[in-house]
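In what follows, a single structure is set out as structure tokens and then discussed.
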Amino acid sequence: MVNSYEFSLAEQEDIPQIINIYHSLIGTPGCTWSLSYPNRETAQSDFCSNSLYVLKKNGTIIAVASLGEFNELEHLQWTLKAPCELARIGVMPTLHRQGIGSNILKNIIKTAKQKGFDGIRMLVSK
């Protein structure tokens, strides 16, 4: 059976699965998240601004990322004219080391270009 991956904007009904991914990553090496961030309000805000993306495998959400103008890093100096931010990217822990993070990242970069952004700002941890 061929694995089917689908990248798209999240839908309202995806939010509970997205929250489950956020929570499943708490306590994994390098993760700075907690039950208070990211949370349902964060996901809802990203959804309402058309900034919340999912990667599905055979219809199940396996990865999530937010791409938009969040101004969380606006205090840093940049030379870009139209940058965006990549935030809250995560892959189900049981699926780590299978190229899924690379898959969603490639789709995010393509989407950023399509939206006219000339660079992506992000803070990362291990």
Side-chain angles (χ1 to χ4, degrees):
M1 181 176 179
V2 175
N3 290 330
S4 173
Y5 292 102
E6 177 189 349
F7 175 80
S8 65
L9 275 169
E11 298 180 15
Q12 182 69 43
E13 58 268 18
D14 294 334
I15 290 181
Q17 286 184 65
I18 291 166
I19 299 303
N20 286 341
I21 291 176
Y22 291 161
H23 289 173
S24 73
L25 292 164
I26 296 170
T28 59
C31 183
T32 60
W33 294 351
S34 67
L35 290 176
S36 61
Y37 177 87
N39 57 26
R40 179 171 298 280
E41 291 76 23
T42 309
Q44 189 65 44
S45 176
D46 288 349
F47 170 78
C48 289
S49 65
N50 289 320
S51 301
L52 187 58
Y53 293 87
V54 294
L55 185 68
K56 294 181 180 181
K57 178 181 178 183
N58 300 324
T60 300
I61 297 172
I62 59 170
V64 60
S66 296
L67 176 77
E69 300 176 78
F70 308 122
N71 297 320
E72 293 176 7
L73 303 175
E74 66 182 343
H75 61 284
L76 301 174
Q77 296 298 315
W78 304 95
T79 58
L80 302 171
K81 293 180 183 173
C84 61
E85 294 174 27
L86 171 61
R88 296 171 286 284
I89 184 170
V91 175
M92 287 295 299
T94 56
L95 299 173
H96 286 183
R97 299 194 154 291
Q98 296 181 32
I100 295 165
S102 295
N103 187 312
I104 196 167
L105 186 57
K106 286 177 188 175
N107 280 287
I108 286 290
I109 291 168
K110 180 180 175 183
T111 300
K113 288 178 184 177
Q114 290 171 344
K115 288 188 165 198
F117 295 115
D118 64 352
I120 300 174
R121 303 173 181 170
M122 61 184 145
L123 292 175
V124 297
S125 65
K126 183 177 178 181

**Report entry** side-chain contact (heavy atoms from CB on, under 4.5 Å) involving N50 - partner list, sequence neighbours excluded
**Finding:** L9

**Report entry** N/O donor-acceptor pair under 3.5 Å between S45 side chain and E41 backbone
**Finding:** no

List the atom pairs, donor and acceptor, that lie under 3.5 Å between side-chain atoms in residues 23-31 and the rest of the protein, sequence neighbours left out.
| residue | atom | partner | partner atom | Å |
| --- | --- | --- | --- | --- |
| S24 | OG | N20 | O | 3.4 |
| S24 | OG | I21 | O | 2.8 |
| T28 | OG1 | L25 | O | 2.6 |

Requested in this report: Drop me the distance from E6's CD to I62's CD1, to the nearest 0.5 angstrom.
Outcome: 11.0 Å

Report task. Calculate, to the nearest 0.5 Å, the distance between atoms CE and CD belonging to M122 and E85 respectively. Result -> 11.5 Å

Query raised in the report: What is the minimum heavy-atom distance between A65 and L86, and which atoms define it?
Result: CB-CD1, 4.0 Å

Query raised in the report: Which pairs, with at least one residue in residues 44-66 and sequence neighbours excluded, count as a ring pair (Phe, Tyr, Trp, His ring centres under 6.0 Å)?
Result: F7-Y53

**Report entry** Considering all heavy atoms, the nearest W33-R88 contact
**Finding:** CZ2-CA, 3.5 Å

Report summary line: So CD1 of I108 and OG of S66: to nearest 0.5 Å the spacing works out to 8.0 Å

Report task. Tell me whether L52 is reachable from F117 by hopping between hydrophobic residues (I, L, V, M, F, W, Y) whose side-chain heavy atoms are closer than 4.5 Å. Result -> no

For residues 97-106, which side-chain donor-acceptor pairs fall under 3.5 Å, sequence neighbours excluded?
| residue | atom | partner | partner atom | Å |
| --- | --- | --- | --- | --- |
| N103 | OD1 | N107 | ND2 | 2.9 |

**Report entry** Any residue meeting salt bridge (Lys or Arg N to Asp or Glu O under 4.0 Å) with K56, in chain and number order, not counting sequence neighbours
**Finding:** D14

Query raised in the report: If you measure from SG on C84 to NZ on K113, what distance do you get to the nearest 0.5 Å?
Result: 11.5 Å

Query raised in the report: Looking at I18 and A43, what are the two nearest heavy atoms and their distance?
Result: CG2-CB, 4.4 Å

Query raised in the report: CD1 of I15 to CD of Q17: how many Å apart, nearest 0.5 Å?
Result: 11.5 Å

Report summary line: Contacts of Q44 meeting side-chain hydrogen bond (donor to acceptor under 3.5 Å, both in side chains) (sequence neighbours excluded), chain-then-number -> Q12

Query raised in the report: Looking just at side-chain N and O atoms, do T42 and N39 make a donor-acceptor pair shorter than 3.5 Å?
Result: yes

Query raised in the report: Counting N and O atoms only, with roles assigned by atom type, does the side chain of D46 sit under 3.5 Å from a partner on the main chain of S51, one being a donor and the other an acceptor?
Result: no

